[in-house]
Amino acid sequence: MKIREIKESDYPVIDKMATELQILHVNHTDDIFKETAHAYSYEEFLNCICDDRIALIAEEGNDVLGYCFANVFENPAFKDRTLHISDLFVDQHARRKGVAKALLDEAVKRAKRLGAKRMQLMVWSFNEEARHLYESYGMEIQSYNYGKKI
């Protein structure tokens, strides 16, 4: 398996995977998420892969196994620069084979070079598979995000 930076020419496969992730969210939280033909417009995708972002793809041969979008940010209220994972998706046929861990490891490696000392992400409560992954990666719950329809 190879981890590399996402290129502009990867848009079709990332669009397909990101839209699959969107459908997962629609299927579990349709009061929040809506069906859409493209999870990211082409312009939004280009913003996700610009120089100040971390945009990684995992592949084996010609098969794309997964992707990760992240960024490092500073918040005056936080002690340390922080790596924020905004998207992490692994194709269902490649799950439980170390793909997500490899993507996270590479994102962390790059974030450390940018001075990050912490890592954070948000996962929906229905997504037990992802919660298990992040806990097995050593992450802990740090906050709760509440919501309701009004």
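Computed from heavy atoms alone, side chains included, the values below leave out hydrogens, waters and symmetry copies. In this text the structure is predicted, and so the values were computed from the model without any measurement.
- Under the side chain to side chain donor-acceptor pair (under 3.5 Å) criterion, no residue pair touches residues 46-57, with sequence neighbours excluded.
- Partners of Phe69 according to the ring pair (Phe, Tyr, Trp, His ring centres under 6.0 Å) rule, which considers only residues two or more places apart in sequence or in another chain, are Tyr40, Tyr67.
- For residues 21-37, no pair satisfies side chain to side chain donor-acceptor pair (under 3.5 Å), with sequence neighbours left out.
- A heavy-atom distance below 4.5 Å is not found between the side chains of Ile85 and Gln120.
- When the ring pair (Phe, Tyr, Trp, His ring centres under 6.0 Å) test is applied to Phe45, the partners found at least two apart in sequence or on another chain are Tyr11.
- The side chain to side chain donor-acceptor pair (under 3.5 Å) search around Arg113 returns none, not counting sequence neighbours.
- Between Thr82 and Asn75, the closest side-chain pair of non-hydrogen atoms is not below 4.5 Å.
- Within a 6.0 Å radius of CZ in Arg118, other residues, nucleotides and ligands contribute 12 heavy atoms or fewer.
- In this structure, Ile57 is not a member of the same hydrophobic cluster as Met1, with clusters built from ILVMFWY side-chain heavy atoms closer than 4.5 Å.
- Across all their heavy atoms, Gly66 and Leu103 have their closest contact at C-CD1, 3.9 Å.
- The pair Lys2-Glu60 fails the salt-bridge criterion, with no side-chain N (NZ, NE, NH1 or NH2) lying under 4.0 Å from an Asp/Glu carboxylate O.
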With a 3.5 Å cut-off and sequence neighbours excluded, list the donor-acceptor pairs that the side chains of residues 12-20 form with protein atoms.
residue	atom	partner	partner atom	Å
Asp15	OD1	His38	ND1	3.2
Asp15	OD2	His38	ND1	2.8
Thr19	OG1	Asp15	O	2.7
Thr19	OG1	Ala39	N	3.2

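- Below 30°, between 30° and 60°, or above 60°: for Phe126 and Trp124 the angle between ring planes is below 30°, a parallel geometry.
- For the atom pair CE (Met122) and CG (Asn145), the distance works out to 6.0 Å, reported to the nearest 0.5 Å.
- In this view, Glu5 and Arg110 satisfy the side-chain contact (heavy atoms from CB on, under 4.5 Å) rule, not counting sequence neighbours.
- Evaluation of the salt bridge (Lys or Arg N to Asp or Glu O under 4.0 Å) test over residues 70-81, restricted to residues two or more places apart or in two chains, returns Glu74-Arg81.
- Under the side-chain contact (heavy atoms from CB on, under 4.5 Å) criterion, Ala100 pairs with Leu88, Val90, Leu133, not counting sequence neighbours.
- Atoms CG and CD, from Leu65 and Gln92 in turn, are 13.0 Å apart once rounded to the nearest 0.5 Å.
- Cluster annotation: Ile6 and Leu83 are assigned to distinct hydrophobic clusters (Ile/Leu/Val/Met/Phe/Trp/Tyr, side-chain heavy-atom contacts under 4.5 Å, transitive).
- One distance of note links CD of Glu106 with SG of Cys68; it measures 10.0 Å at 0.5 Å rounding.
- Under a hydrophobic-cluster definition in which Ile, Leu, Val, Met, Phe, Trp and Tyr are linked whenever side-chain heavy atoms come within less than 4.5 Å, directly or via other members, Phe73 and Leu114 are assigned to different clusters.
- To the nearest 0.5 Å, atoms CG (Leu121) and CE (Met139) are separated by 4.0 Å.
- Arg4 places a side-chain heavy atom less than 4.5 Å from the side chain of Asp10.
- With sequence neighbours left out, the side-chain contact (heavy atoms from CB on, under 4.5 Å) criterion links Ala130 to Val123, Asn127, Tyr134.
- In the hydrophobic clustering of this structure, Val26 groups with Ile32; members are Ile, Leu, Val, Met, Phe, Trp, Tyr whose side-chain heavy atoms approach within less than 4.5 Å, directly or through other members.
- Nearest heavy-atom pair, Ala107 versus Ile54, reported as atom, atom and distance to 0.1 Å: O-CD1, 3.8 Å.
- The ring pair (Phe, Tyr, Trp, His ring centres under 6.0 Å) analysis of residues 87-106, with sequence neighbours excluded, yields no pairs.
- Atom CG in Asp87 sits 7.0 Å away from atom SG in Cys48 (nearest 0.5 Å).
- Remark: Lys101 pairs with Asp105, Tyr137 by the side-chain contact (heavy atoms from CB on, under 4.5 Å) rule, at least two apart or across chains.
- Hydrophobic cluster membership differs between Val99 and Leu24, with clusters built from Ile, Leu, Val, Met, Phe, Trp and Tyr side chains linked at under 4.5 angstrom.
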